[in-house]
Amino acid sequence: MEDLRNSSLKFFTDQELCYADIVPPSQVRARIEVSVLSFLKILNASNPAISDLPLIQRKSSNSRVNHGLLTELSYVFLSNSVSTRSLMRPNAAKAFVRVWKVMEMCYQILLQEKRVTQRELFYKLLCHSQHLFPSQKDVNRTIQDLVALLRCSRYSLGIMASSRGIIAGRLILQEPGKEAVDCSVCGSSGHAISGDLNLLDKLILNADARYIIIVEKHAIFQRLAEDRFFNQIPSILITAKGYPDIATRFLLHRISRAFPDLPILALVDWNPAGLAILCTFKFGSVGMGLESYRYACNVKWLGLRGHDLPMLPDQSFVPLKTKDLQIAQSLMSSRILPENYKEEVTLMVESGRRAEIEALYFHGYDYLGKYIAKKIVQSDYI
Amino acid sequence: MEFSSSQKLCLHLISSAYQRCRLSEQICRLSVILTRSSSSSPSLRISISDTGIGSSLEEFQNLRVSFTNAADNWDGMLSIKTTSINDSEIHNYQINLKESGSSRITSLTSDSKNGAKFSGSEVCLSSFVNSDLLLAEIHSLLEKVLILNIPNVAIQLVSEDFDVPESRYEKVFLANTCKQLPISASSLELLKFGLGDYVLKHGNNLSIKCNSCFTSWEDLKVGVACCTENRLHTELVMEAVIVISNMSIQNTTCFREYGDKTEVLYFKDFSPCAMSQSSMKALKSIDWKRYGLHLGGIVELDGTALLEWENLPTDTHIDIVLHSYLKQYPMVIPTPRKMSQLERSIVKRAVKLSLDDLKANHSGDFLSSRALQIRNYAPDLAQSIAGLILSSSDLDFQRECFSLLGLQSQDVGTEIMENSIKEKIVSVIETNDKDPDKSKEIAPFLFEEDDHIHEPDVEFQESDFTYLDPDLDMF
Amino acid sequence: MEFSSSQKLCLHLISSAYQRCRLSEQICRLSVILTRSSSSSPSLRISISDTGIGSSLEEFQNLRVSFTNAADNWDGMLSIKTTSINDSEIHNYQINLKESGSSRITSLTSDSKNGAKFSGSEVCLSSFVNSDLLLAEIHSLLEKVLILNIPNVAIQLVSEDFDVPESRYEKVFLANTCKQLPISASSLELLKFGLGDYVLKHGNNLSIKCNSCFTSWEDLKVGVACCTENRLHTELVMEAVIVISNMSIQNTTCFREYGDKTEVLYFKDFSPCAMSQSSMKALKSIDWKRYGLHLGGIVELDGTALLEWENLPTDTHIDIVLHSYLKQYPMVIPTPRKMSQLERSIVKRAVKLSLDDLKANHSGDFLSSRALQIRNYAPDLAQSIAGLILSSSDLDFQRECFSLLGLQSQDVGTEIMENSIKEKIVSVIETNDKDPDKSKEIAPFLFEEDDHIHEPDVEFQESDFTYLDPDLDMF
Amino acid sequence: MKLKLEEEDSGKMEGKRKKLESKKSENGILLLDKIKVFTRSLLVNLTNRKSPIILIDRFKNHCTLSDSNCFCGSDLPVGKEVLTLCKETHVRRLDVMLRVLVIVQKLLQENKHSSKRDIYYMHPSVFLDQSVVDHAINDICVLMQCSRHNLNVVSAGNGLVMGWIRFVEGKKIFDCISSPDTAHPIPVYVEEIKDIVSAARYILVVEKESVFQRLANDQFCKSNHCIVISGRGYPDIPTRRFLRLLVENLHIPAYCLVDCDPYGFDILTTYRFGSMQMAYDTKHLRVPEIHWLGAFPSDSERYFVPKQCLLPLTAEDKRKIEAMLLRCYLQREVPQWRLELKMMLQKGVKFEIEALSVHTLSFLTESYIPSKIHGKVQI
Ligand SMILES: [Mg+2]
Ligand SMILES: [Mg+2]
């Protein structure tokens with residue numbers, strides 16, 4: 001399996017797949033130094049010039065879809081079409097300088113072997129170059145630019161990541177040299193997933209689960225964890241409390257690589273956003289830029305799905321909102337979305353309604369567990 | 001040519017005399033003498049004499065008068081003496097401009113030159129015009145003519161009232177003498193220094209240099225250009241000179257007639273002249289912003305074009321002179337419509353070229369607003385790069401950077417390094433700006449990776465981020 | 001009392017005769033005989049005779065006539081025979097109502113009673129009025145009077161035309177005979193059954209019972225009330241009866257004169273009477289909604305008050321009768337202003353009380369819209385309470401609850417329990433609604449400290465804390 | 001009902017645990033009994049054809065009276081609401097309350113927990129809005145004289161903790177001491193916390209996660225022997241209960257570091273005085289011992305916060321400050337806080353904690369916090 005994936009990865013490397021690495025600070029510093037040298041060289045050449053910054057475009061037009069040939073794994077990735085940050089175009093000059101400013105900040109942070117939050121970075125930049133960074137948004141975007149330039153993850157740049165993810169169930173995590181954490185005795189609050197990707201990378205994983213279940217919502221996760229659902233069906237529960245962050249996806253990916261036979265099943269709301277969350281786990285998203293594709297997992301859609309609707313009470317349906325329709329629209333236009341998923345989206349749009357997982361509580365709190373168990377037993381997932 | 005007053009006729013006659021001097025290759029003298037006497041009638045006698053190439057009768061053939069001012073009841077009589085270098089006698093004519101047909105010219109008996117070799121003309125008329133006003137106008141004309149800086153003509157202006165003892169006024173107008181120009185100097189060269197002198201005299205209202213405002217010629221920023229156009233068997237020449245001067249406004253007692261507006265001095269065939277509409281349009285159509293200038297508008301005042309500037313520093317003044325002439329003399333004038341097209345394109349070209357010249361001579365100045373905008377980022381960029389270099393703990397890296405920057409010792413401070421980088425960046429920006437076409441070329445990439453598909457000019461539209469668009473800032 | 005026509009005078013005289021019968025404790029007869037003959041003039045002779053207590057001259061003293069109708073040229077003469085039980089003779093008088101002062105009454109010779117013990121009166125007059133119209137009016141009056149249901153008076157109405165053979169019309173009006181009321185029945189009781197009968201006859205346009213529309217008296221919903229007011233040495237009594245009937249509209253051929261509007265039958269001192277403005281206002285001011293009724297408005301039509309209802313089911317009809325009288329007879333009438341105030345308050349009270357009575361007798365009906373709304377929650381509340389009991393793991397507790405609910409076995413299902421609780425809740429809600437003042441007494445805000453929180457519903461208005469919402473945890 | 005936990009040696013631990021568990025079920029039984037009493041009294045009233053009368057105390061944690069004669073500090077109810085079957089709004093409230101109560105009874109009997117959101121989804125069409133459920137839960141707590149967690153209604157914990165502490169929640173060991181600069185989620189079932197072991201010198205409460213992360217990254221706890229807690233904005237109930245539990249058991253000072261803006265201040269008061277919405281339970285949730293460590297409006301000068309990091313107060317900010325200035329407890333209990341708040345209004349600017357460390361990343365950990373704590377610059 002591993003080999004197959006690698007080979008397919010290599011195959012796609014030829015197809016101009018671009019990505020950001022998790023790299024050690026020294027290497028990030030080296031990349032920055034190379035940038036400086038390169039800049040100076042071109043500036044100092046016989047025909048001096050100010051070099052443009054080639055950034056991988058973070059637009060859907062530059063996204064490519066890999067439909068797994070040998071595995072079921074599909075993912076979204078960014079191709080190597082670049083957009084340039086050029087000093088010489090007045091409307092791009094600011095963005096150009098911003099990249100260098102942030103690069104300088106990150107370089108110094110890496111030297112100090114520290115990490116900063118994006119907010120701290122904003123304040124530092126606000127203080128030193130207010131005219132360049134009037135808002136947090138400018139900082140955030142420039143960080144993305146820098147990721148796209150240096151091809152290393154945000155985390156590698158010394159920017160602190162927090163994770164909203166939690167995990168529970170039949171999984172034992174062990175940091176080398178530390179006491180193991182048994183996620184089955186973490187109670188309903190589960191075990192918080194660290195934002196430190198290096199740490200996650202080092203974790204030693206042990207599991208006797210048969211399934212991995214992704215839950216969209218914290219509350220549902222809590223219910224299942226409190227009910228110790230993972231003992232009924234040996235499983236690992238994971239939630240990112242909405243759209244997944246990198247760390248959650250990273251850990252999920254690690255678990256799925258470590259235990260490749262575990263089906264990954266997702267329980268999300270029956271609305272476009274729910275599906276979008278599932279898809280972010282499954283394929284990655286263009287918005288996550290170069291860090292996206294690497295953690296694609298073969299997630300299956302357990303529920304809620306169209307054929308579950310008859311058992312939901314009528315009053316639990318809410319009309320779709322404009323935002324829902326927008327998400328539905330972009331889902332439908334996505335090249336990666338499988339046909340049977342598209343059918344569900346069509347059903348949502350046509351019915352004009354949405355329903356949340358909690359609607360299952362209509363049949364009592366314990367119904368949720370039964371519902372999942374039944375679906376698993378019947379292999380009712382797509 | 002039709003004149004609406006005897007003053008205007010006078011100014012034309014002076015211009016013609018000047019032309020005759022210019023065409024002569026000898027040092028010439030042009031005298032304009034106004035003599036007033038209450039005993040005679042009309043009271044003012046005007047004599048315009050020159051030692052130029054001698055005039056032909058054709059010059060006067062086309063002159064017409066249509067006086068509208070009742071007080072200007074001149075009899076229309078011109079008396080002309082003229083002789084060419086090869087003539088053996090001095091011809092005398094009397095022309096009645098108020099008549100037409102063959103009767104208007106009366107040949108009088110010629111005077112013998114007694115074998116002497118000389119040429120020259122004298123045109124006299126008597127008029128009722130106010131001598132003071134006429135004097136002022138002639139004065140202004142001659143001052144402008146001086147800008148052309150033709151070296152072989154000395155002009156003498158004399159005004160005298162016989163009834164008033166010691167009322168004689170005399171002024172000599174000589175081409176710029178403080179500069180040792182070579183004899184072979186081109187007319188553009190001459191014009192350049194002529195305008196420079198004019199500027200140093202504050203041009204439009206002082207006839208003497210004011211040493212308190214400008215210390216030297218070298219403080220002026222000058223751009224010149226000459227365009228030619230070969231059309232209809234003649235060559236049209238357009239010379240343009242632009243002078244930018246700085247005059248500290250605080251301690252000056254000198255004021256310009258048009259304030260901070262620019263009077264465009266316009267010459268046609270070596271005479272001061274009102275600007276044509278097509279030339280005005282040409283000025284309007286120039287992309288001044290490319291040179292960091294912001295033209296507010298063009299005002300026309302008594303045939304004078306005034307350019308109004310926006311955002312011009314208060315102590316900066318711009319002077320522009322344009323001179324168009326046909327190489328052949330006398331000229332074959334193209335049809336007016338053709339001429340106007342021609343003028344428009346040639347004025348535009350000449351002014352642009354002179355601006356380019358100005359920019360080239362004064363690097364860092366007259367940058368386009370675009371370049372200025374970009375240049376503003378240079379300190380920030382330099383600071384960041386210097387910061388990156390100096391904060392590095394990798395000595396090899398630092399050494400390499402130092403050597404790239406041509407800095408000797410590693411002990412140079414942040415400031416020196418920043419300045420060095422900044423200068424380089426600025427220089428690239430400025431070079432780029434001088435040659436606007438060059439900037440359109442694709443700049444080299446920081447990392448050359450040839451598998452990239454370049455998609456220029458798409459930045460900043462990161463709106464269509466994704467199909468999912470989660471709240472990306474999860475960190 | 002002034003009358004504008006002889007008809008009206010007649011009706012008054014009949015009312016007076018009826019009063020005399022009522023006050024007698026014997027079974028009495030009241031005969032109204034209209035006799036028409038073209039041979040005599042005036043053509044119509046009206047005789048009103050009764051076996052009541054005998055009249056006093058004061059009754060006639062205050063009668064005035066001011067006829068406006070020219071055709072009604074009655075001579076104003078009344079002839080009266082009357083005797084009381086203790087009188088030994090029958091007095092005869094002649095009264096000319098058109099006169100005033102002492103001359104109006106003429107005492108005629110009395111007739112002897114020959115020792116017989118009886119009482120009674122006969123009033124006669126002759127008039128030109130149309131006998132048919134008069135007959136109809138008297139008919140209507142007597143029918144209304146019948147509603148009062150005074151048991152000891154039998155009324156006979158006879159009309160005859162001597163010129164037409166077999167033209168005699170005769171009708172006897174007897175108080176409700178189908179009901180076996182005790183002799184001691186109060187006048188309110190009598191009125192109640194009187195109105196009931198009236199309703200069963202569809203009241204206002206049929207004099208016989210229609211058995212197809214109503215099957216029995218028991219289908220009627222009746223509310224009665226009697227208020228008294230002691231004022232000015234007399235006691236004012238107001239009796240009110242409300243009858244709500246359902247008449248299936250589909251198969252009925254009977255139509256009411258006023259459709260689905262309610263004619264408020266108004267009696268004053270045992271005579272039908274037009275409603276006063278103050279009584280009308282009183283009706284308007286009643287909070288009908290408290291009884292689930294929605295008064296649309298009150299229309300006055302020929303002295304009759306018509307209540308218009310909104311949202312009244314089509315087959316439902318409301319009949320109201322009001323009867324006010326003074327206990328003492330003859331009456332001491334309070335001043336009109338006092339009277340109007342008095343009337344207003346007493347009408348309101350009487351009607352409200354009768355509505356309360358109606359509601360009390362028919363639990364579940366006539367609930368206020370508020371209570372109806374509240375009652376909608378009963379199933380939910382019952383379900384929750386049943387849920388609390390049935391889901392409890394404490395068997396003792398469950399047993400206790402069962403016994404409280406009067407349920408025998410624990411095996412009763414959820415539904416039975418829910419129904420049982422629901423019924424109780426409904427009953428409490430209905431009881432609460434019956435006595436609206438009671439609910440107000442127990443539901444004030446019991447502030448223990450007179451702290452300054454007087455906003456009534458603070459709990460839902462913590463608007464200035466909404467943004468704060470520290471307990472955001474939605475999950 | 002209040003849990004009182006103390007450090008005890010391991011010998012007594014087992015007994016203690018049993019006691020705790022029994023206490024917990026005791027509490028459940030007590031509450032179930034109360035529910036039964038309530039249900040019974042409803043039935044008795046109904047069978048007697050009387051409208052049940054439900055008295056609900058009303059609480060306020062502050063008022064806006066200028067004179068200080070209010071009783072807001074006394075924890076006593078300020079009045080009662082009387083619910084009967086006579087008013088539709090009352091019946092509606094009762095309906096919601098009973099529905100929630102049925103759920104609560106089930107939760108207690110099965111010893112399960114549920115979130116307010118879960119409860120909402122049991123009858124979404126009846127409740128219509130989450131706030132209705134929240135309100136009913138508050139009503140039930142007031143009626144049953146208990147805290148929300150006693151009902152087994154919990155919120156998803158949002159809080160974080162790190163530092164010199166070790167405790168057990170249920171079977172899970174929170175061994176923060178072993179890596180004092182790693183964040184742990186604050187457990188939701190605070191009542192199940194036992195075996196608290198700590199050698200911390202103080203507790204530092206920070207408003208937001210980013211500051212928490214800064215401290216973690218700077219290994220603040222390791223070098224300062226403290227416990228750091230963040231409620232990530234307005235603190236939720238578990239966070240406040242957890243903080244209170246620590247303060248009560250460890251007897252160490254607690255300091256609060258918030259942004260110098262109206263929201264920061266409001267968060268500070270929420271820690272110290274509780275929120276208006278949970279006023280009925282304030283006595284279990286507030287932490288009167290907490291000190292305000294910063295950032296004070298006066299800090300902007302003392303620590304040279306650059307001008308561009310000082311943002312002008314918006315109109316809404318000013319309105320909020322003016323409203324907060326009226327809160328009675330400020331004048332009564334922390335007049336110095338009030339003075340600082342007043343100064344914020346006067347200066348017309350606000351700043352975030354991050355603004356302090358623009359000069360040096362580790363300014364907070366190396367200078368600001370230690371100097372404030374050791375220099376006793378807290379109020
Ligand atoms: Mg959702
Ligand atoms: Mg804040």
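In what follows, every chain begins at residue 1, and chains take the letters A, B, ... in the order their sequences are listed. All values derive from a computational prediction rather than experimental measurement.
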Enquirer: Apply side chain to side chain contact (heavy atoms under 4.5 Å, CB included) to the pair D/Leu43 and C/Ile389, showing each step before the final yes or no.
Expert: CA-CA 10 Å; D/Leu43 273 189; C/Ile389 297 165; 3.6 Å; yes

Enquirer: With a 4.5 Å cut-off on heavy-atom pairs, point out which of C/Lys424, C/Gln383, C/Arg375 contacts chain D the most.
Expert: C/Lys424

Enquirer: Count the heavy atoms of every other residue, nucleotide or ligand shown that sit under 6.0 Å from NZ of D/Lys112, and state whether that count exceeds 12.
Expert: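 Yes, enclosed.
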
Enquirer: Between atom CD of C/Gln373 and atom OG1 of D/Thr89, what is the distance when rounded to the nearest 0.5 Å?
Expert: 10.0 Å

Enquirer: If you measure from NZ on D/Lys87 to CD1 on C/Ile374, what distance do you get to the nearest 0.5 Å?
Expert: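 If I round to the nearest 0.5 Å, the distance is 10.0 Å.
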
Enquirer: Is it the side chain or the backbone of C/Glu423 that comes within 4.5 Å of chain D heavy atoms, both, or neither?
Expert: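 The answer is neither part of C/Glu423.
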
Enquirer: For D/Arg319, is it the side chain, the backbone, both or neither that has a heavy atom under 4.5 Å from a heavy atom of chain C?
Expert: neither

Enquirer: Could you pull out the closest heavy-atom pair between C/Leu381 and D/Leu85, with the gap in Å?
Expert: CD1-CD2, 4.1 Å

Enquirer: Find the distance between CG (D/Leu32) and OG (C/Ser392) and round it off to the nearest 0.5 Å.
Expert: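 Atom-to-atom, D/Leu32:CG and C/Ser392:OG are 7.5 Å apart.
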
Enquirer: For the residue pair C/Ser391 and D/Gln109, confirm or rule out a side-chain donor-acceptor distance under 3.5 Å.
Expert: no

Enquirer: Determine whether more than 12 heavy atoms belonging to other residues, nucleotides or ligands lie under 6.0 Å from atom CD of C/Glu310.
Expert: yes

Enquirer: Run through C/Ile385, C/Leu404, C/Leu405, C/Val426 and flag the one making a side-chain contact (heavy atoms from CB on, under 4.5 Å) with D/Leu46.
Expert: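 Single pass found, and it is C/Ile385.
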
Enquirer: Look up atom NZ in D/Lys36 and atom OG in C/Ser393, then write down how far apart they are to the nearest 0.5 Å.
Expert: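 OG of C/Ser393 is found 6.0 Å from NZ of D/Lys36.
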
Enquirer: Heavy atoms only, distances under 4.5 angstrom: which of D/Leu101, D/Asn158, D/Ile103 has the most pairs with chain C? Name it, please.
Expert: D/Leu101

Enquirer: Nearest 0.5 Å please: distance from the CD1 atom of D/Ile35 over to the CG atom of C/Asp394.
Expert: 12.0 Å

Enquirer: Is it the side chain or the backbone of D/Ile119 that comes within 4.5 Å of chain C heavy atoms, both, or neither?
Expert: neither

Enquirer: With a 4.5 angstrom heavy-atom cut-off, is it the side chain or the backbone of D/Gln105 that approaches chain C, or both, or neither?
Expert: side chain

Enquirer: Between D/Leu42 and chain C, with a heavy-atom cut-off of 4.5 Å, which part of the residue counts as in contact: side chain, backbone, both or neither?
Expert: side chain

Enquirer: With rounding to the nearest 0.5 Å, note down the distance linking CG in D/Leu98 to OH in C/Tyr377.
Expert: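 Between atom CG of D/Leu98 and atom OH of C/Tyr377 there are 12.5 Å.
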
Enquirer: Closer than 3.5 angstrom, by distance alone: can the side chain of D/Arg99 be matched with the main-chain N or O of C/Ser384 as a donor-acceptor pair?
Expert: no

